[in-house]
Number of protein chains: 2
Amino acid sequence: MSAETVTIGEAARRSGVSAKMIRWYEETGLLPPATRSESGYRHYGEADLHTLRFVRRARDLGFSVEAIAELLALWHDRARPSASVKAIAEDQVADLRRRIAELEGMARTLERLADSCCGDSRPDCPILDDLAAGDAAPSPRRRRRPGLPTR
Amino acid sequence: MSAETVTIGEAARRSGVSAKMIRWYEETGLLPPATRSESGYRHYGEADLHTLRFVRRARDLGFSVEAIAELLALWHDRARPSASVKAIAEDQVADLRRRIAELEGMARTLERLADSCCGDSRPDCPILDDLAAGDAAPSPRRRRRPGLPTR
DNA sequence: TGTGGGGCTTCCCATCATGGGAAGGTCAAG
DNA sequence: CTTGACCTTCCCATGATGGGAAGCCCCACA
């Protein structure tokens, strides 16, 4: 019993991770190479599906693939300290909060500008005036530490 | 007077847009080709700098390059209806709000999980338990309409 | 047993906005 | 004239994802 395995398409359907991404996760080392049939088809068992769902859920929470690799390692380490997991989660929360604050700032500014624009057929527009004002604070564009699907 | 022009590095410093990005904006058609010196150096005048600052400010508000192209066109169109500008701004706000809500959902879930994890040296961890639960709602990963720096 | 259609394989390309860096030409100050 | 800072173009990488082509495989049905 339980030698039941499924092909990659079925694994994708059952895990919510696309076949493309399953292959990519394997290629980049997030997942170990799948077992193959004689003809080269990948096959996945229940444990593999469980792992795939874990990955999927972690992606849904915005974890980067790198963070997921750490989470998977901790998941498989029966001697893990839960503090390690918690630290990763709290980092992720901090990152999410930082990004939310950034987007919130943009949204508030834009809402204020949009509210002040009467939005009719006349050309006067406080939104364009603001953009053209050119008093942009020269904040350097930082590289974000990878993470969210950002879809 | 006012035939003063600067090179791309100086334009970058004065506008807050990197030289790399100025070239890229030109290449992709967001900006018209810069005038060149005999030896091929790009040169920028006050009007160009004004445009660059406009672009920079719009990027800071999360507009996609595509949206900025529309905003620039409206900016230069003295017969524009302000409603057109307002519509673009409101689309952007809606997009920002949607993404904020998404991140907020992740952050809340993760905070709840992190709070329930005692974070000590023992291996028991509700965070991993949740990830492993595999009850992930199979929400399809949509492609996001381009926009934010997302840094 | 032949065949058709759907699933699998690998490989390449695109996204979006950005930076890094190499190889080589230009310019201005000393 | 040299030196060093700047400019040019070109290629590559990022992160996670999808699209699509070319070709092989497998099963069900006639």
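In what follows, chains carry the letters A, B, and so on, assigned in the order in which the sequence lines appear, proteins first and then strands, with residues in each chain numbered from 1.
The shortest distance between the side-chain N/O atoms of A:T7 and the OP1/OP2 oxygens of C:dC8 is below 4.0 Å. OP1 and OP2 of D:dA16 both lie 4.0 Å or more from every side-chain N or O belonging to A:Y25.
Using cut-offs of 30° and 60° for the angle between ring planes, the B:W75 and B:H50 rings count as perpendicular.
D:dC6 atom P lies 16 Å from atom NZ of B:K20, rounded to whole Å. Whole-Å rounding puts the B:L30 CG to C:dT18 P distance at 10 Å. The interatomic distance linking A:Y44 (OH) with C:dC8 (C1') rounds to 11 Å, in whole Å. Counting to the nearest Å, the C1' atom of D:dC26 and the NE2 atom of A:H43 are 10 Å from each other. Going from atom CD of A:E26 over to atom P of D:dA16 covers 17 Å, rounded to whole Å. Regarding B:R23, its CZ atom lies at a distance of 15 Å from the P atom of C:dG21, rounded to whole Å. Between B:E27 atom CD and C:dA17 atom P the separation is 14 Å, expressed in whole Å. Rounded to whole angstrom, the span from the CZ atom of A:R36 across to the C1' atom of D:dC25 amounts to 14 Å.
Closest-nucleotide positions on DNA chain D for A:W24 and B:I8 were compared, and the one nearer the 5' end corresponds to B:I8. Of the two residues near DNA chain D, B:G40 and A:S39, the one whose nearest nucleotide lies more 5' is B:G40.
A salt bridge links A:R122 with A:D120: the distance from a Lys NZ or Arg NE/NH1/NH2 to an Asp or Glu carboxylate oxygen falls below 4.0 Å. Using a 4.0 Å cut-off between a side-chain N of Lys or Arg and a carboxylate O of Asp or Glu, A:E104 and B:R99 do not qualify as a salt bridge.
Interatomic distance, OG1 of A:T109 versus CG of B:D60, reported as 10.0 Å (0.5 Å rounding).
Of all nucleotides listed (C:dT9, C:dA17, D:dT9), C:dA17 comes nearest to the side chain of B:V65. Distance from the side chain of B:Y41 is smallest to C:dT26 among D:dC25, C:dT26, C:dG21.
Residue-level contact check: B:R42 touches the backbone only, with heavy atoms under 4.0 Å from sugar-phosphate atoms and none from bases. Residue contacts shown for A:S18 are limited to sugar-phosphate atoms, with no base heavy atom under 4.0 Å away.
Formation of a donor-acceptor pair under 3.5 Å by the B:R80 side chain with backbone atoms of A:P123 is found in this model.
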